[in-house]
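Reading through the C-alpha cells given below for one structure.
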Amino acid sequence: MKIPWFGKSRKAAQQTKRTNNGRSFEAVQINRLTKDFSEMNASINADIRAGGDRLRKLARQMYENSSHARRWVDLYVINVIGENGHILQSDIKIPEEDPTTNEVIEVSDDVKNNLIETAWAEWSKAEQCSVTQIQSFATMQKIWARHKSRDGEIFIRRVIDPSSKYGLRLQTIPPELIPESYNEILPNGNTILCGIEFNEWRKPVAYYVSKNKVAQDMWGVTSIAGDLERIPASEMIHWFDPDFSNQSRGYTRMANVILMLTWLKDYNRASVLNAKFSARKLGFLRDITPEDPSETFSSDKESSETTESADGQTQSTQNRPAVSGEELTFTYIGNTQLEKWDPQYPHPQHEMFNRVALRDIAIGLNVAYCSLAGDYSNSTWSSARTELDVERNNWLHEQQIMIDTVDTKIFTWWLELALLKRAIGTFTFRDYDRLNKPYFYGPRWEYINPVDESNALRSDLEAQFISPFDVAAKKGKRLEDVYRDINAAAKLRKKFNITEPTYGATANKATGMEPSQTKPAAEPAAQEQQNGVTANA
C-alpha cells in the first residue's frame, strides 16, 4: 500500500505544508524561539538505564545534605506510613437473618476477625517478620517508604523459614543491588531489562540481585553485575509508581527538583560566607607613598607604630605584624589608606529568592509550600487549607498504591504459610478464600477547620448525600467498629455509674447522630494568627 503523502507531487506537498503552517502546533514549529528545544524519542527505560544509578546517588546526596530534601522524605513517611504503620482490619463476614424483617444481611464475623488480627499482630513483631529479627513490620514499612520517596523504588523478598512460627520472613533489598546496567536478550525469548527479566507480554519473570555480602559494607562497595542471583518474580515485591505503561524501574521523585535543591543550597552557602565576611568589616590597605623603592610598604615588614584598640588603650606594635587580625583593633601603618569592602549582606532579595525556589521545589514534589518550608507568614487560612487538601489527596494516593502493591501481597504470603503450618487456630488451607479478606488503612488527619468541616459532614448526612460508612472511612475506621466501641463505652458508663454525655439537643434518627442545634462560633482571627496562619478576611 502506498502512503498518500509520498504519492503526492512536490507542488501538492508544498501546498499542504503552506496550508498546515497556520494551524500546526506552535511548539513543533522551528523558529528562532524554538530552535533550542531538545527532542528525544527514547523510551523511559533507556533514560533509566543511562542515568538511573547516578540519579539515585544524587538524590541520596541531597537527602544527606539538604534539609528540605530530608523534610520531603520525612513528610512522606509520616503521612503515608504514620506512627504505627498500616493497620490490618480483617473483614470476614457471615450471613445473619434480621428477626424483624426476615432479611438476610452480612455482618462482621468477630471471632474469625479477631483470630486473624491477633495472629497478624504477633507476626508483625521483629522476631517473626524480619530476616534480621531486629525490625518490626511497622519499622520495615517506614524503611520501605524512605527508599520509595528518596530512591523511587524498593524491593521486598519473601523468605520461607520453617523455624518461624508463621513460616514467613521478609528481606528488604535496596534498589542498587538490582543493577540497571544488566540488560540481555535470553535464548528463551525473554529480555532482561534494567536487571529484571520480562516475557513477551512485559510481565516480570525474575529479578537479578547482586550477592552483596555483609563484609563488603566494610569497604563501601557493591557486587557488579557478574555476581548475581536470580530470584523468581513470585518471591519478590517491586514497589514503585510508574509514569509510563512500559516502565520497568522506578526513579526518584526528586528528579525534577535536584537542580533547584542544589542551587538553593549553594546560594545559601555563598550568602552565609558573604554575610560572614561582611560582618567582619574587611578592607584593604593601599600604599599611597611616593614611588620610592626604599619606602614601599611590605606586608612582611614589622612596624613599631602604636595601635588603638576598641577600649581606647594604646599599645606598641614593636615586633608585631603591621596589619593586626584582632577583632575591633585598628592599626595605623605609615602612609596607607583603608579601602573598604562592603558586600551589603544579608541582601533584601535573599528571602524572596528562597521563597520562590522553595515554591518551585514544593510544586515538583507535590506537597504544600507551607509544609515543606515551614513558612506560614504569607499564608491565609483559605490558601493553607487548599494547599493541605491537595497534599493530603496525594498522601492518600500513595497510601493506596502501597496497600495494593505491598500490604495486600504480603498478607496473602503470610496467610498461605500460616494456614499450611496451622498457626491460626484450627484453620487449614481450605479456609484460605474465606479468611483472605484484608483491609488496610494508613494514617488519617484531623480536620483543618474542625468546626466548619464537621458541620459540612453533618449537613451531608442529614441530606443523605453520604452515609455513616463514608464518614467512618474518612477517619480510617469501619462503621461496625465505631458502633461496637460506642456500645462498649455505654456498658462501661453503666458499670461505673457515669452520666451519659449530651452531644446535642436534636437527634438525627436517619443517621443515629445527634447534631447540635446551633452552629459553633467560628474560631477568632487571633487564634488563627496564634497558630501561625493569618486569618483570611
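If you're wondering where the values come from, they're calculated on a predicted model, not measured in any experiment. Residue numbers count from 1 along this sequence.
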Taking [X] for the side chain and [Y] for the main chain, is one N or O donor matched with an acceptor at less than 3.5 Å?
X	Y	result
Lys421	Ser164	yes
Arg169	Gln128	yes
Glu153	Gly250	yes
Thr118	Leu115	no
Asn65	Gln61	yes
Asp109	Ile92	no
Asp431	Thr428	yes
Arg150	Tyr63	no
Asp360	Ala357	no
Asp460	Phe465	no

For side-chain contact (heavy atoms from CB on, under 4.5 Å), just list the numbers for Met402 and Trp239, CA-CA rounded to whole Å, side-chain angles, deciding distance to a tenth of an Å, and then say yes or no.
CA-CA 7 Å; Met402 183 178 181; Trp239 178 25; 3.5 Å; yes
Please indicate whether [X] has more than 12 foreign heavy atoms, meaning atoms of other residues, nucleotides or ligands, lying under 6.0 Å from its [atom1].
X	atom1	value
Lys437	NZ	no
Leu492	CG	yes
Glu97	CD	yes

Under the criterion side-chain contact (heavy atoms from CB on, under 4.5 Å), I'd like the reasoning laid out for Met140 against Ile410: C-alpha separation, chi angles, the key distance, then a yes or no.
CA-CA 12 Å; Met140 285 195 293; Ile410 291 176; over 6 Å; no
Between atom CD of Glu127 and atom CD1 of Ile134, what is the distance when rounded to the nearest 0.5 Å?
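Taking CD in Glu127 and CD1 in Ile134, the distance rounds to 11.0 Å.
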Point-to-point distance, once rounded to the nearest 0.5 Å, from CD1 of Ile81 to OG of Ser149
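It is 9.5 Å, given to the nearest 0.5 Å.
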Return the minimal non-hydrogen interatomic distance between [X] and [Y], and the atom names on each side.
X	Y	value
Ser136	Ala126	N-CB, 3.6 Å
Ala423	Lys165	CB-O, 3.7 Å
Val80	Pro443	O-CD, 3.5 Å

For the residue pair Phe411 and Trp120, categorise the inter-ring angle as parallel (less than 30°), tilted (30 to 60°) or perpendicular (more than 60°).
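It falls in the tilted class, 30° to 60°.
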Should the pair Trp414 and Trp123 be assigned to parallel (<30°), tilted (30 to 60°) or perpendicular (>60°) ring geometry?
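Ring orientation, 0 to 90° scale: tilted.
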Is it true that Arg146 and Asp74 make a salt bridge, defined as a side-chain N closer than 4.0 Å to a carboxylate O?
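Result for this pair is yes, salt bridge flagged.
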Under a 4.0 Å threshold between the charged nitrogen and the carboxylate oxygen, would Arg484 count as salt-bridged to Asp481?
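Counted as a salt bridge, because a side-chain N and a carboxylate O are separated by less than 4.0 Å.
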Quick one, Trp72 with Val257, criterion side-chain contact (heavy atoms from CB on, under 4.5 Å). Give me CA distance, side-chain angles, the key distance, then yes/no.
CA-CA 11 Å; Trp72 146 250; Val257 299; over 6 Å; no
Not counting sequence neighbours, which residues clear side chain to side chain contact (heavy atoms under 4.5 Å, CB included) with Val390? List them please.
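Result, side chain to side chain contact (heavy atoms under 4.5 Å, CB included) vs Val390: Asn366.
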Contacts of Ile44 that satisfy side chain to side chain contact (heavy atoms under 4.5 Å, CB included) - sequence neighbours left out:
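Partners of Ile44 by the side chain to side chain contact (heavy atoms under 4.5 Å, CB included) criterion, ordered by chain and then number, come out as Asp47, Ile48, Phe244, Asn246, Gln247, Tyr251.
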Give the C-alpha distance, both sets of side-chain angles, the deciding distance and a yes or no for salt bridge (Lys or Arg N to Asp or Glu O under 4.0 Å) between Glu180 and Arg49.
CA-CA 5 Å; Glu180 294 93 337; Arg49 184 169 63 248; over 6 Å; no
Are the side chains of His147 and Pro175 in touch, meaning some heavy atoms are under 4.5 Å apart?
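Yes, close enough: below the 4.5 Å cut-off.
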We want to know whether Trp395 and Glu391 form a side-chain donor-acceptor pair, criterion being a heavy-atom distance below 3.5 angstrom.
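The criterion, which ignores hydrogens and geometry beyond distance, is satisfied for Glu391 and Trp395.
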Just checking, is any N or O donor in the side chain of Asp375 or Ser377 under 3.5 Å from an acceptor N or O on the other one?
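Result is yes, a qualifying pair exists.
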Side chain to side chain donor-acceptor pair (under 3.5 Å) with Glu398: which residues, sequence neighbours excluded?
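Tyr76, Lys148.
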Between Arg56 and Thr252, is the side-chain contact (heavy atoms from CB on, under 4.5 Å) condition met? List the steps.
CA-CA 7 Å; Arg56 181 170 55 247; Thr252 176; over 6 Å; no
